[in-house]
Undergrad: 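After the structure tokens below, expect a handful of questions from me.
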Protein chains: 2
Amino acid sequence: MLSKKTKYGIKALTFIARQENGVKVQIATISQAENISHKFLESILLTLRKSGVLGAKKGKGGGYYLLKEPRDIKMTDVIRTLEGPIAMVPCVSLNFYEKCDDCPDEEACSVHKLMIQVRDSTLQVLRNTTLSDLV
Amino acid sequence: MLSKKTKYGIKALTFIARQENGVKVQIATISQAENISHKFLESILLTLRKSGVLGAKKGKGGGYYLLKEPRDIKMTDVIRTLEGPIAMVPCVSLNFYEKCDDCPDEEACSVHKLMIQVRDSTLQVLRNTTLSDLV
DNA sequence: CCTTTACCCTATCGGATTAGTAGGTTTTAT
DNA sequence: ATAAAACCTACTAATCCGATAGGGTAAAGG
């Protein structure tokens, strides 16, 4: 299940991407337009800023803006930042790999085999979808 | 993230599918071989029996066995039974559809658009993978 | 019949995670 | 100076997950 954090994050990015080039958007604006709790959204945008997707300007007239072109913002990056691993099981994750403690032999594991395929097909979609495809 | 319930369920089904045709397998046998809590596994196999994938026989010499050929057991069915929806968001789920309460217009929602694509690519894998592909 | 074996069912619980809340700090424009 | 906006830290209520406990019920062998 996709967390609300990720869901809201994608919605917010889409909202910002729809603005004229470089126009700054306040948290409150997005919060109202998309029905998102102001404080919760605040923490999400902060995370996205730290990951390098968004820039922010403090003070009056401040707000958030994209640091890259929408077509250069891949969904893989956004989701890994907000949600964490894309794989459904840590033992098939490329960026967040972890060994299963119950599984002695990964190669022989049926779940492993299946989830690699699911991961690859999901990755293909997310890698080829950018923010510009969603606006 | 895939729950342990689903993970264990798939492992157990694979284990059973590896037996000679029609041989019954006890909970304790799978539990030991796959490092799964006996009681937890019990509840999982019960769910799978109720969904019609497994049959069970009580009493001495009893156990669980497949009701269909491994190649006729699709991963979509197994995962929907144990995990629930395959879609990452209820508003794009085929079998467990639910409207998002924060989203006034699904067609205009960027998350909706993206998650439909993810769902479709995942479905294609799970529909074309059967238990026989995992043994 | 009677004991063993294994399936079936309900209830509970600790820990982790998630979504949201509260309150204050820092920076900027006017 | 003042208002507006992002920034930061900490907390909380609710939910879910994996596991556990304890018994009930049905079937097979002797």
Side-chain angles (χ1 to χ4, degrees), chain A residues 1-12 16 23-32 34-51 53-67 79 82-85 88-90 96 98 100-103 111, chain B residues 1-12 16 23-32 34-65 67 82-85 88-90 96 98 100-103:
Chain A
M1 183 68 73
L2 199 74
S3 68
K4 293 208 171 182
K5 187 173 176 182
T6 306
K7 187 180 170 189
Y8 293 164
I10 293 173
K11 282 191 171 194
I16 296 171
V23 170
K24 294 176 198 63
V25 188
Q26 283 89 43
I27 296 173
T29 309
I30 305 174
S31 154
Q32 284 158 30
E34 302 286 348
N35 295 311
I36 305 172
S37 148
H38 184 284
K39 281 295 201 175
F40 192 28
L41 181 58
E42 190 177 305
S43 73
I44 294 166
L45 295 179
L46 192 56
T47 306
L48 288 170
R49 199 218 55 179
K50 286 181 179 168
S51 84
V53 181
L54 289 178
K57 191 156 184 353
K58 286 184 185 178
K60 200 167 191 176
Y64 287 96
Y65 52 93
L66 296 181
L67 284 178
I79 290 184
L82 295 174
E83 189 80 7
M88 296 185 76
V89 164
F96 299 84
E98 248 176 88
C100 297
D101 46 356
D102 60 306
C103 203
V111 177
Chain B
M1 183 68 72
L2 199 73
S3 69
K4 294 209 171 182
K5 188 173 175 181
T6 306
K7 188 179 169 190
Y8 292 164
I10 294 173
K11 281 191 171 194
I16 296 171
V23 170
K24 294 172 198 65
V25 188
Q26 283 88 43
I27 295 174
T29 308
I30 305 173
S31 156
Q32 283 159 30
E34 302 286 348
N35 294 313
I36 305 172
S37 149
H38 184 283
K39 281 293 201 177
F40 192 29
L41 181 59
E42 194 177 299
S43 74
I44 294 166
L45 295 179
L46 190 56
T47 306
L48 288 171
R49 202 220 51 176
K50 285 181 180 169
S51 84
V53 182
L54 288 178
K57 191 157 184 353
K58 290 183 184 177
K60 202 166 191 175
Y64 285 96
Y65 53 94
L67 285 177
L82 295 173
E83 190 81 6
M88 295 185 76
V89 164
F96 299 83
E98 249 176 86
C100 297
D101 46 355
D102 59 306
C103 203

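From a predicted model like this one, the values you see are computed outputs, not experimental measurements. Below, all heavy atoms of this structure are taken into account, side chains as well, without hydrogens, waters or symmetry copies. Reminder, nothing fancy here: chain letters follow the sequence lines and each chain counts from 1.
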Undergrad: Show the nearest heavy-atom pair for residues A:Gly61 and A:Lys24, with the distance to one decimal.
TA: O-CD, 3.9 Å
Undergrad: Across nucleotides 13-19 of chain D, 5' to 3', mark each nucleotide with B, S or - according to how protein heavy atoms within less than 4.0 Å reach it.
TA: -----SS
Undergrad: Looking at C:dC7, does its base get a donor-acceptor pair with the side chain of B:Glu42 below 3.5 Å?
TA: no
Undergrad: With a non-hydrogen cut-off below 4.0 angstrom, is A:Ile27 in contact with a base, only sugar-phosphate, or nothing?
TA: sugar-phosphate
Undergrad: Please determine if A:Asp102 and B:Lys11 form a salt bridge, counting it only when a charged side-chain N lies under 4.0 Å from a carboxylate O.
TA: yes
Undergrad: Looking at every heavy atom in both B:Tyr64 and B:Leu46, which two are closest together, and how far apart are they?
TA: OH-N, 4.0 Å
Undergrad: Any side-chain N or O of A:Lys57 below 4.0 angstrom from OP1/OP2 of C:dA29?
TA: yes
Undergrad: Measure from CD1 on A:Ile44 to P on C:dT21 and round the result to the nearest Å.
TA: 12 Å
Undergrad: Taking CG from A:Leu48 and P from D:dA6, how many angstroms apart are they, rounded to a whole number?
TA: 14 Å
Undergrad: Measure CG/A:Leu46 against P/C:dT25 and give the value in whole Å, please.
TA: 18 Å
Undergrad: Can you give me the closest heavy-atom contact between B:Ile27 and B:Leu41, atom names plus distance?
TA: O-CD2, 3.7 Å
Undergrad: Take atom NZ of A:Lys39 and atom P of D:dT12, then tell me their distance rounded to the nearest Å.
TA: 16 Å
Undergrad: Between B:Glu83 (side chain) and B:Leu2 (backbone), is there a donor-acceptor pair under 3.5 Å?
TA: no
Undergrad: Under the 3.5 angstrom rule, does the side chain of B:Ser31 hit a backbone N or O of B:Ile36 as a donor-acceptor pair?
TA: yes
Undergrad: Quick one: is B:Lys50 getting a side-chain N or O under 4.0 Å of the C:dC9 phosphate, OP1 or OP2?
TA: yes
Undergrad: What integer distance in Å separates A:Leu82:CG from C:dT17:P?
TA: 17 Å
Undergrad: Rounded to whole angstrom units, what separation is found between the CD1 atom of A:Ile30 and the P atom of D:dA6?
TA: 9 Å
Undergrad: Return the polar atom pairs (N/O with N/O) between nucleotides 1-4 of chain D and the protein under 3.5 Å, or none.
TA:
none

Undergrad: I'd like to know whether B:Leu67 forms a side chain to side chain contact (heavy atoms under 4.5 Å, CB included) with B:Val53, so could you lay out the CA-CA distance, the side-chain angles of the two residues, the decisive distance to 0.1 Å, and finally the verdict.
TA: CA-CA 6 Å; B:Leu67 285 177; B:Val53 182; over 6 Å; no
Undergrad: B:Tyr65 OH to C:dA6 P: how many Å, rounded?
TA: 16 Å
Undergrad: Establish, with yes or no, whether the OP1 or OP2 oxygen of D:dC7 is under 4.0 angstrom from a side-chain nitrogen or oxygen of A:Arg49.
TA: yes
Undergrad: Measure the distance from OH on A:Tyr64 to P on C:dT28 and round it to the nearest whole Å.
TA: 14 Å
Undergrad: Which heavy-atom pair separates A:Gly9 from A:Ile44 by the least distance, and what is that distance?
TA: CA-CG2, 3.7 Å
Undergrad: How far apart are the C-alpha atoms of A:Val89 and A:Cys100, what are their side-chain angles, what is the distance that settles it, and do they pass the side chain to side chain contact (heavy atoms under 4.5 Å, CB included) test?
TA: CA-CA 9 Å; A:Val89 164; A:Cys100 297; 4.3 Å; yes
